Participant: 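Provided herewith is a single structure, encoded as structure tokens, for subsequent inquiry.
Small disclaimer: the values here were computed from a predicted structure and weren't measured.
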Amino acid sequence: MVGKAVITNDEMKGEGPQSRSLWQKIFVAASMVAVVITPSLSGLDGWAVVALILAMSFLLGLIDGRIHRSTWSFPLLIGLAFSFATRNFFNAGAWIYVIPVVALVAVGSRLGARLGAAEGPRADVRERGGSRLGEGV
């Protein structure tokens, strides 16, 4: 018989082993700001900005997957930030690029999580007595 996973009150409050640390939350906020301001600060036009945003999306997902784990919240937040950037810096038809941005962040996040899992448990997870994949389960 397979055991049932129990969610503690700390996990429901965002304080459990699955929650982000402060510096991981700062990374999310900084990533969102970077996606919003990159089009205006890059000095590039047209496809070059789109290529930069797409490459940056994959890289941010890779980093987030490595330092935290693969989730849908990070790709969706980056997509939200990019949709804000499209309203401010691009023409009306640029909203369609939100889809590949979210997809590339998700793919990068999955790959980053796999690379992180291949390297073994992180120090903060080892201190709690968990593994990189199980995160204390």
Participant: If you compare all heavy atoms of P100 against all heavy atoms of Y97, which two are closest, and at what distance to 0.1 Å?
Facilitator: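 Answer, listing the atom of P100 first, then Y97: CD-O, 3.2 Å.
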Participant: Test your reading of the model: is there a side-chain donor-acceptor pair from S31 to the backbone of F27, 3.5 Å cut-off?
Facilitator: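 Such a contact is found between S31 side chain and F27 backbone.
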Participant: In the single-linkage hydrophobic clustering (I, L, V, M, F, W, Y; side-chain heavy atoms under 4.5 Å), do V28 and L80 co-cluster?
Facilitator: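 They do not share one cluster, since no chain of ILVMFWY contacts under 4.5 Å joins V28 to L80.
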Participant: Please name the pair of heavy atoms, one in L44 and one in V49, separated by the smallest distance, quoted to 0.1 Å.
Facilitator: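 L44 and V49 have their closest heavy atoms at O-CG2, 3.1 Å.
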Participant: CZ of R110 to CZ of R69: how many Å apart, nearest 0.5 Å?
Facilitator: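 Taking CZ in R110 and CZ in R69, the distance rounds to 10.5 Å.
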Participant: When rounded to the nearest 0.5 angstrom, what distance separates CG in L60 from CG in L77?
Facilitator: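 Going from CG on L60 over to CG on L77, the span is 12.0 Å.
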Participant: Indicate, with yes or no, if L22 and M32 share a hydrophobic cluster defined by side-chain heavy-atom contacts under 4.5 Å among Ile, Leu, Val, Met, Phe, Trp and Tyr.
Facilitator: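 Different clusters: M32 never reaches L22 through Ile, Leu, Val, Met, Phe, Trp or Tyr contacts under 4.5 Å.
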Participant: When you measure from the side chain of T86 to the backbone N and O of S83, does any donor-acceptor pair fall under 3.5 Å?
Facilitator: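 Such a contact is found between T86 side chain and S83 backbone.
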Participant: Compare every heavy atom of S40 with every heavy atom of F89, then report the nearest pair and how far apart it is.
Facilitator: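 Nearest heavy atoms, F89 then S40: CE2-CB, 3.5 Å.
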Participant: Please report the interatomic distance CD1(I63) to CG(L115), rounded to the nearest 0.5 Å.
Facilitator: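 Reported to 0.5 Å precision, the distance equals 12.0 Å.
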Participant: Which distance, rounded to the nearest 0.5 Å, do you find between the CG of D64 and the CD1 of I78?
Facilitator: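 Taking CG in D64 and CD1 in I78, the distance rounds to 8.0 Å.
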Participant: Under a 4.5 Å side-chain heavy-atom rule over Ile, Leu, Val, Met, Phe, Trp and Tyr, are L52 and V105 clustered together?
Facilitator: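 Cluster IDs for L52 and V105 match.
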Participant: How far apart are the closest heavy atoms of V101 and S57, and which atoms are they?
Facilitator: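 It is CG1-OG, 3.4 Å.
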Participant: When hydrophobic residues are tied together by side-chain contacts of less than 4.5 Å, even through go-betweens, does F90 share a cluster with I99?
Facilitator: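 Linked within one cluster.
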Participant: Honestly curious: do L76 and V35 fall in one hydrophobic cluster under the side-chain, below-4.5 Å linking rule?
Facilitator: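 Yes, it is one cluster - the side chains of L76 and V35 are joined through contacts under 4.5 Å.
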Participant: Check F82 against I53 and note the closest heavy-atom contact, atom names and distance.
Facilitator: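 Scanning both residues completely, I find the closest heavy atoms to be CE1-CG2, 3.4 Å.
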Participant: How close do A85 and P39 get, heavy atom to heavy atom, and via which atoms?
Facilitator: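 Closest pair (atom of A85, atom of P39, distance): CB-CG, 4.4 Å.
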